[in-house]
Structures are given as C-alpha cells and as structure tokens.
Amino acid sequence: MSSFNGDIQQACAEHIFGTYARFPVAFVKGQGCRLWDDKGKEYLDFLSGIAVCALGHCHPEVTRAIEEAAGKLIHVSNLFYTYPQVELAAELTRLSFADKLFFCNSGAEANEAAIKLARKFSNDRFGPGRFHIISMKNSFHGRTMATLSATGQTKVQKGFEPLVEGFVYVDFNSVAAVEAAITDKTCAVLVEPVQGEGGLNFASPGYFKALKALCRQRNLLLIFDEIQTGLGRTGSLFAYEQESVTPDIITLAKALANGLPMGAMAASEEVAKAFVPGSHATTFGGGPLIASAALATLRVISKPGFLEKVRETGAYFVSRLEEMKNRYPFVKQVRGRGLMVGLELEVPGAKFVTKCMEKGAIINCTHDTVLRFVPPLIAGRPEVDTMIAILEEVFKEEAL
Ligand SMILES: *Cc1c(COP(=O)(O)O)cnc(C)c1O
C-alpha cells in the first residue's frame with residue numbers, strides 16, 4: 001500500500017482533472033480474472049481494463065518478461081536498434097497479412113499514424129488534395145484531434161471545434177452509404193470490425209468483403225481499427241481473419257502489452273513504403289521493456305489451442321445469456337464473438353453495472369443501453385458461471 005492515507009476520492013477530486021466519472025472503488029491488487037479493492041473485497045473482472053488485460057492481471061509470463069527487461073534495458077532512442085522491438089515486429093508480421101510495423105504508445109496514436117500514412121500514400125501516388133477519409137457513425141477512434149475528428153460521435157467532438165478537416169461519416173454496415181460518400185478527394189475508409197464503444201455492433205456477413213472490393217475498385221485504402229478487436233478478443237488473432245478480407249492497414253493497442261501502454265500500426269509493404277525517415281516518429285514507441293511485455297503476451301495468445309478456448313468459452317457465455325434473455329423482458333439482444341460480448345437492454349444499463357459491482361463483478365455499459373463483457377481471454381466456464389450467477393441475481397431484483 002502507498003504511504004498516502006487520506007480519503008482517495010477527495011484527494012483525486014482535489015488534484016486530478018475531472019475527466020473520468022469514476023466508480024467509488026480503489027483497486028490495489030489483481031491476479032488472473034480477479035481484482036481486490038483497498039478494503040480487501042474481491043471482484044471478478046469481466047472488463048479487463050477495457051479489453052486490455054487479455055491474459056488477466058499479472059500473468060506470470062508477462063510479469064517475468066517485464067522484470068527481466070527492467071533489469072536489463074528500459075529505453076534507448078529509436079535512433080538505434082533494439083532486439084525486442086524487431087523480434088515483436090517479426091512475430092506480428094508472421095502472424096498477420098502485414099509486412100511492416102510502426103510502434104507507438106496508445107490506440108489514438110496508432111490511428112494517428114494510420115491517418116497520416118493513408119494521406120501520405122495517396123499524396124505520393126495520386127498527388128495532393130486526395131485526403132478525405134470515410135469513417136462510420138457511432139465509431140470510436142480516439143481522443144486526439146485527428147482521431148476525435150475521425151470518430152463518428154458528436155459527443156467526443158463538442159467544444160473542441162474546429163475539427164481536423166477531411167472526415168466523412170456514413171452508416172456502419174452499409175456499402176451503398178460508403179459508395180455514395182466517395183469523391184475525388186477520398187483516400188481511405190476507416191472502420192472497426194466490431195464497433196466497441198458504439199455499442200458492440202456487428203456487421204452483416206459479406207459487408208467487409210464488399211467494402212474491400214469497393215475500395216480496390218476506387219483506389220482507396222481500407223483501414224481496420226483493431227485496437228479493441230485485435231489479439232484474440234473475437235476468437236481469432238485478428239478480427240479481419242473471420243471476414244475473409246485483407247485490409248491495407250490495421251491498428252492495434254489495448255491488449256498488445258497486456259496492460260502496459262503500447263500501440264501499433266501494421267501495413268502491407270506497398271503502403272508502408274510511403275513512410276520514409278522523418279515521416280513519422282515517437283520517442284517511446286516500441287522500447288525494449290514494453291516490446292518484451294508484448295512479445296510475452298503474443299506468445300501466450302498464439303499458443304496452439306488458446307484461441308480455440310476463447311471461442312469455446314465465448315460461445316458458452318453467449319448461450320447462457322441467450323437463455324437469460326428469454327426470461328427477462330428488459331433484455332433486448334445478445335451479441336457476441338469470441339469474448340467480446342454485449343447484452344443490449346430496453347432500459348439504461350448504468351444501474352446494472354453498479355449492482356454487479358456491489359455483488360463483486362466488474363463490467364461496463366457502452367452506448368447507454370449495452371452491457372459490455374470483455375473478460376480476460378483466460379476466463380473459462382467457471383468464471384462465466386460466476387458472472388451469470390451475479391447477473392441473474394441483479395436481473396431478478398430488477399424484475400421484482
Ligand atoms: C480504445 C480504442 C481506441 C483508443 O485507444 P487509446 O489507447 O485510448 O487512445 C481507438 N479505437 C478503438 C476501437 C478503441 O477501442
């Protein structure tokens with residue numbers, strides 16, 4: 001425990017920007033799918049950051065990698081080579097469509113890099129003026145100026161105008177809407193394979209294939225924001241694999257280093273060539289400590305059988321929720337793939353989140369009415385059963 005022993009909520013309000021509406025809980029320890037607060041109360045974590053701690057809290061192999069790296073080399077400039085960074089890039093290219101990686105420190109930064117790369121690629125190939133990017137309504141791409149401008153939700157933009165120029169928003173899951181929005185200024189389409197913050201929205205089968213064909217035909221780059229869906233969350237290492245399409249650029253972050261801050265942009269060789277020395281840079285990106293943590297994380301996720309179990313546990317979880325749906329009229333729909341699962345309600349979800357927390361389970365609510373479950377990927381049937389039992393209690397109270 002820290003030497004600080006005042007009232008943490010009061011001290012936080014006094015000293016930290018009020019950018020987060022926090023729950024009245026302070027966590028001090030985590031292990032696997034469990035968290036403990038400062039009063040010693042134990043929680044089942046079905047949020048894992050927000051889809052960040054994919055291997056659960058303090059996974060022994062990741063912790064060992066961090067400890068070893070911390071004792072050896074934490075940082076040198078990207079003016080030099082470091083082994084973990086190059087090893088991680090080699091591993092990610094082996095496991096994906098991509099040929100080249102750029103490492104940064106967050107999801108927003110990964111999307112910034114992708115936006116810059118798309119503009120630069122188009123500029124080099126087709127000349128200036130072709131810089132518009134089509135993104136989706138209800139999307140989420142980050143909080144920096146370019147990424148909040150790319151985000152198709154006015155609530156993240158309000159008060160920060162003028163926005164970065166050149167973003168056009170269309171309905172998710174409509175190829176016709178994208179086609180209608182293309183002009184001679186368009187250079188790329190940016191889309192999440194599953195909308196996470198937008199309420200766990202899945203596209204219809206064939207949507208991404210048709211979108212890819214349209215992009216090919218009109219010389220547009222297809223950028224997948226896999227910051228939330230990537231690295232096993234939906235039951236395959238990358239969500240694009242299940243859509244039978246190859247994007248031109250993908251962005252990663254959340255689960256990449258199992259809780260340490262790391263983002264990445266990956267692209268095909270042809271597209272990556274648009275970045276040359278001086279095009280883009282970041283001081284901390286891909287440093288040896290963080291890259292070592294990411295390598296350890298990736299090695300566990302890509303072990304034979306790991307993703308099979310994610311799919312199996314996810315299917316079991318969805319089937320248990322479907323069964324509950326039939327008994328509670330305020331449950332509207334269950335949506336899930338792998339361990340990215342949403343339960344849409346007919347009513348606001350906030351009070352259910354609070355009640356679950358009181359009973360010892362951490363979840364959250366996105367888009368007002370969608371309960372989001374993104375547990376550590378190491379969760380199995382016993383954890384699902386505990387989550388269902390708590391949800392059952394909460395729903396029973398609501399139904400009274
Ligand atoms: C979380 C998230 C981001 C932003 O990541 P940060 O690390 O918070 O900047 C961008 N896109 C998607 C799909 C996300 O889920």
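Just so you know, ligand 1 is whichever comes first in the structure, and atom 1 is the first atom listed for that ligand. Just so you know, these numbers use all the heavy atoms, side chains as well, and skip hydrogens, waters and symmetry mates. The shown structure was predicted, so the numbers you read here are calculated from the model rather than taken from an experiment.
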Atoms in ligand 1 flagged as close to N111, the criterion being non-hydrogen separation under 4.0 Å = 10 (C), 11 (N)

Just need the protein heavy atom nearest to atom 7 (O) of ligand 1, so name the residue and atom and give the distance.
-> G107 N, 2.8 Å

For residues N258 and H59, is any side-chain donor paired with an opposing acceptor at under 3.5 Å?
-> no

SB check K351 E398 (cutoff 4.0 Å) = yes

Quick note on ligand 1: atoms under 4.0 Å from a heavy atom of Q228 include exactly 15 (O)

So, N201 and N173: side-chain donor and acceptor under 3.5 Å apart, yes or no?
-> no

Return yes when at least one protein heavy atom is under 4.0 Å from atom 5 (O) of ligand 1, and no when none is.
-> yes

Measure from NZ or CZ of R119 to the centre of the six-membered ring of F131, then state whether that distance is under 6.0 Å and the direction lies within 45° of the axis.
-> no

Ligand 1 versus E192, non-hydrogen atoms closer than 4.0 Å: side chain, backbone, both, neither?
-> side chain

Could you tell me whether the side chain of M340 reaches within less than 4.5 Å of the side chain of R233, counting heavy atoms only?
-> yes

Consider every N or O of G142 and every N or O of ligand 1, then say whether any pair is closer than 3.5 Å.
-> no

Numbered in order shown, the ligand 1 atoms found under 4.0 Å of a heavy atom of S106 are 7 (O), 9 (O)

So does E87 pair up with R299, basic N to acidic O under 4.0 Å?
-> yes

List the closest protein heavy-atom neighbour of atom 1 (C) of ligand 1: residue, atom name, distance to the nearest 0.1 Å.
-> K254 NZ, 1.5 Å

Are the charged groups of D124 and K120 less than 4.0 angstrom apart, N to O?
-> yes

Considering only heavy atoms of D225, which atoms of ligand 1 have at least one such atom less than 4.0 Å away?
-> 10 (C), 11 (N), 12 (C), 13 (C)

Restricting to heavy atoms, the pick from A253, P261, G263, A108 nearest atom 9 (O) of ligand 1 would be A108

Establish, for the pair R320 and F317, whether the NZ or CZ atom is under 6.0 angstrom from the six-membered ring centre and no further than 45 degrees off its axis.
-> no

Ligand 1 to H141 polar contact by distance, N or O atoms, under 3.5 Å = no

